[in-house]
Amino acid sequence: MKMTQLLLPTEREAPADAQALSHVLGVRAGLIRQLGAGLWTWLPAGWRVHSKVTTIIREEMDAIGAQELLMPIIQPRELWQKTGRDKIDELFSLQDRKGAELVLAMTHEEAVTFHVSQIVRSYRDLPLMLYHLQLKARDEPRPRAGVLRTREFIMKDSYSFDRDQDGLEHSYQLHIEAYDRIFDRSGLEWYRVESDVGVMGGSGAHEYMAPCPAGENEVALAPGYAANVEVASAEPAPAKLPPRLGEPRELPTPGKQTIEDVSVALELDPSALLKAFPVVAASGKMVLAMVRGDHRVNEFKLRAALGEPFRPATEEEITDSLGPVGYIGPVGAELPVLLDTAVADQDGEWVVGANRPGAHLAGVAPGRDFAFESADIRSVEAGDLVGGQPIRLEAAIEVGNIFKLGTRYSEPLGATYLDEEGKETPIVMGSYGIGPARIAAAAIEQNADEKGISWPKSIAPWQVELIGLGKSGTPEADAAEALYAELQAAGVDVLFDERDAGPGEKFTDAELLGCPLRLTLGKRSLESGALEVQQRSGLSELPAIALGDQTVAAVIAALAELK
RNA sequence: CGGGGAGUGGCGCAGUCUGGUAGCGCACCCGGCUGGGGGCCGGGCGGUCGCAGGUUCAAAUCCUGUCUCCCCGACCA
């Protein structure tokens with residue numbers, strides 16, 4: 001591609017409202033432009049990146065025997081009513097001219113299951129894996145960070161259909177292998193982490209996380225361990241408890257309602273206090289969840305422990321059933337107490353609210369002074385141990401997820417088959433997503449420097465950028481033109497900057513755009529008889545390549561050396 | 001949805017408080033010079049100041065309403 005024919009609107013300055021690196025550089029390098037909130041156009045160079053990512057995805061999905069198809073984004077609402085997903089706030093809704101209710105698909109479980117339910121009749125038709133690359137639309141409450149969280153985006157989603165749980169495990173394992181290869185080949189640093197299965201149930205899920213500063217998620221990492229903080233479990237540092245009292249003793253704490261205030265007033269470490277978190281479950285049951293004062297309740301874990309969604313209790317509910325907000329505790333409470341394992345597993349006495357204004361109880365021992373059930377309901381903290389190793393927390397963006405659905409969709413949509421005994425059985429499903437745009441954005445975030453982007457070779461818009469110096473008609477410009485033609489003929493993925501512009505402008509743009517290998521041909525090159533070669537990563541100079549019969553072969557060899 | 005901020009030429013911004021001929025840098029167009037890190041000289045094009053209504057002799061500027069976008073949080077299969 002010749003630069004003069006390319007729509008590549010590079011910008012010297014960052015858009016004023018951009019924060020995330022992938023947003024700033026995506027716009028400055030001329031890859032993407034915004035149309036509205038969470039609505040982005042991929043310009044030619046950016047679309048090349050996107051296409052390279054989707055090509056890798058297709059190759060690896062095909063390699064595990066998945067078949068590509070294409071399903072509509074506009075779908076009858078009725079289908080979504082059958083699975084109950086028509087209630088989701090993020091679902092875009094519309095009507096046609098006849099008033100028929102339609103939705104814009106957020107994913108395609110309903111559609112693919114609908115088809116499979118009609119087509120698949122026998123156990124002989126299974127297993128089956130289907131995928132497509134299609135737009136998803138989500139009415140996000142808050143799109144942000146350029147292309148990282150948008151209202152419309154292309155997603156690769158695949159679906160597996162098996163006879164039973166064992167079959168699902170196998171399909172799931174195939175996807176793990178394919179996904180590992182996809183993210184490796186895309187040049188990302190990534191982790192496969194355990195994730196929350198969410199309210200939809202299912203028997204297991206993993207997320208693929210790419211660490212980057214603009215990431216919206218946090219992952220807990222230790223040698224041999226990686227999990228979304230939503231589900232991560234680790235061993236906490238022990239609470240720093242004062243000497244035992246042997247029985248509860250009331251202490252006056254007027255005006256001290258927060259963990260911090262109470263711990264300062266009593267001269268205790270926050271871990272010596274228990275934090276009470278009253279919640280009301282969807283069924284109406286009220287529960288007093290308790291964690292250590294220095295810990296935080298993890299909503300995902302708590303929901304899992306309760307077995308149903310919940311909301312925090314209102315101030316009125318708290319006052320009616322316990323005591324004044326700021327002084328509530330488990331002793332004498334009429335509510336079931338759900339105590340975090342970090343507390344339940346340590347023998348000792350803690351400080352809790354006395355359920356009376358201006359008072360706390362010290363010397364309270366779980367079990368002796370109040371009954372409880374225990375569960376892991378706290379969020380891990382940096383420094384907690386897993387297998388004796390401290391964990392660290394890192395921001396990351398979710399670039400893919402894999403999910404064991406079970407019969408969540410096959411049952412409501414009637415996707416069944418007849419087994420060997422002629423018995424009607426629901427199909428066991430899995431679903432697997434990847435966001436190519438997020439892969440591109442994560443690659444920018446992970447590899448950028450102060451000059452611009454530094455693409456992994458596999459997904460760079462072009463692998464090579466050839467910069468021709470000197471205005472057209474000069475010998476050096478002619479030589480550059482000739483070299484470009486030879487590179488093209490040899491199948492090299494090359495962008496040729498033959499603009500009538502100054503060298504500074506060309507170099508700066510090349511560094512912004514971030515093609516892995518830069519070739520420079522100017523008057524100086526003709527004098528020395530060699531082409532200058534620089535790799536974008538680290539901006540380090542590589543050995544010059546002699547101009548002549550072997551130039552193209554040498555360029556291809558230099559390219560092969562790059563990661 | 002709560003909090004904060006912003007809409008003035010393609011981009012980045014000033015001007016708004018204190019109403020009086022719409023400006024600057026970059027980009028763009030023409031001519032010339034320069035030609036290995038966004039170079040120089042000269043001449044140009046381009047904006048009903050987000051939108052609607054109001055106040056006024058006069059509104060980018062004051063008032064009312066409204067739309068859009070961004071950031072933090074909530075939310076997020």
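Chain naming here is simple, since letters A, B, ... match the order of the sequence lines and numbering starts at 1 in each. Just so it is clear, the model here is predicted, and its values are computed rather than measured. Because only heavy atoms are used, hydrogens play no part in the values below, and waters and symmetry mates are left out as well, while side chains stay in.
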**Asked** Between B/G37, B/A27, B/G12, which nucleotide gets closest to the side-chain atoms of A/Pro503?
**Response** B/G37
**Complementary nucleotide of B/A6, counting Watson-Crick and G-U pairs under 3.5 Å** = B/U68
**Asked** Less than 3.5 Å between a donor and an acceptor, one on the side chain of A/Asp500 and one on the base of B/G35, is that the case here?
**Response** yes
**Separation of the C1' atoms in B/C11 and B/C28, to the nearest angstrom** = 12 Å
**Asked** Base, sugar-phosphate, or nothing: which does A/Arg138 touch, judged by heavy atoms less than 4.0 Å apart?
**Response** sugar-phosphate
**Message:** Taking the C1' atom in each of B/U55 and B/G2, what is the distance between them to the nearest angstrom?
**Reply:** 34 Å
**Request:** With heavy atoms under 4.0 Å as the rule, sort A/Gly470 into base, sugar-phosphate or nothing.
**Result:** nothing
**Asked** For B/C24, which nucleotide is its Watson-Crick or G-U wobble mate, given both distances must be under 3.5 Å?
**Response** B/G12
**Request:** Can you check whether any acceptor in the base of B/G38 is under 3.5 Å from a donor in the side chain of A/Glu505, or vice versa?
**Result:** yes
**Request:** Look at all strands and tell whether A/Asp509 reaches a base, only sugar-phosphate, or nothing, counting heavy atoms closer than 4.0 Å.
**Result:** base
**Message:** In whole Å, measure the gap between the P atoms of B/A59 and B/C24 for me.
**Reply:** 24 Å
**Asked** Heavy atoms under 4.0 Å, any strand shown: does A/Ala20 hit a base, just sugar-phosphate, or nothing?
**Response** nothing
**Message:** Which label fits A/Trp190 and A/Phe183: parallel for a plane angle under 30°, tilted from 30 to 60°, or perpendicular past 60°?
**Reply:** tilted
**Request:** Would you classify A/Glu109 as touching base, sugar-phosphate or nothing, given that sugar-phosphate means primed atoms plus P, OP1 and OP2, and contacts are heavy atoms under 4.0 Å?
**Result:** base
**Message:** Against A/Met106, only a single residue in A/Ile73, A/Asp139, A/Ile88 fulfils side chain to side chain contact (heavy atoms under 4.5 Å, CB included); can you say which?
**Reply:** A/Ile88
**Item:** Paired nucleotide for B/G38 [Watson-Crick or G-U wobble; both distances under 3.5 Å]
**Value:** none
**Request:** Indicate whether OP1 or OP2 belonging to B/C72 is found under 4.0 Å from a side-chain N or O atom of A/Gln19.
**Result:** no
**Message:** Starting the side chain at C-beta, find the nucleotide from B/U34, B/G25, B/A27 nearest to A/Lys471.
**Reply:** B/U34
**Message:** Base, sugar-phosphate or nothing for A/Glu511? Non-hydrogen atoms, less than 4.0 Å.
**Reply:** base
**Request:** Report, as yes or no, whether the 6.0 Å neighbourhood of atom CD on A/Glu541 holds more than 12 heavy atoms from other residues, nucleotides or ligands.
**Result:** yes
**Request:** May I ask you to verify whether the side chain of A/Arg499 and the base of B/G35 hold a donor-acceptor pair under 3.5 Å?
**Result:** no
**Message:** Suppose you measure atom C1' in B/G50 against the same atom in B/U16; what distance do you get, rounded to whole Å?
**Reply:** 16 Å
**Request:** May I ask you to say what A/Glu11 touches in the nucleic acid, namely base, sugar-phosphate or nothing, with a heavy-atom cut-off under 4.0 Å?
**Result:** sugar-phosphate
**Request:** Could you check whether A/Thr474 gets within reach of a base, just the sugar-phosphate, or nothing at all, counting any heavy atom under 4.0 Å?
**Result:** nothing
**Message:** Any strand counts, and the cut-off is 3.5 Å on both contacts for Watson-Crick or G-U wobble. Which nucleotide pairs with B/G73?
**Reply:** B/C1
**Message:** Checking contacts here: which listed nucleotide (B/G37, B/C70, B/C76) is nearest the side-chain heavy atoms of A/Ala37?
**Reply:** B/C70
**Request:** Name the orientation class of the two ring planes belonging to A/Phe310 and A/Phe277 (parallel below 30°, tilted from 30 to 60°, perpendicular beyond 60°).
**Result:** perpendicular
**Request:** Identify whether any heavy atom of A/Ala14 sits under 4.0 Å from a base atom; if not, whether one sits that close to sugar-phosphate; answer base, sugar-phosphate or nothing.
**Result:** sugar-phosphate
**Request:** Could you pick out which residue, A/Arg33 or A/Glu541, lies toward the 5' side of RNA chain B when each is mapped onto its nearest nucleotide?
**Result:** A/Arg33
**Message:** Judged by each residue's nearest nucleotide on RNA chain B, which is more toward the 5′ side, A/Ser525 or A/Thr107?
**Reply:** A/Ser525
**Request:** Sort out the partner of B/U48 for me: Watson-Crick or G-U wobble, both distances under 3.5 Å, none otherwise.
**Result:** none
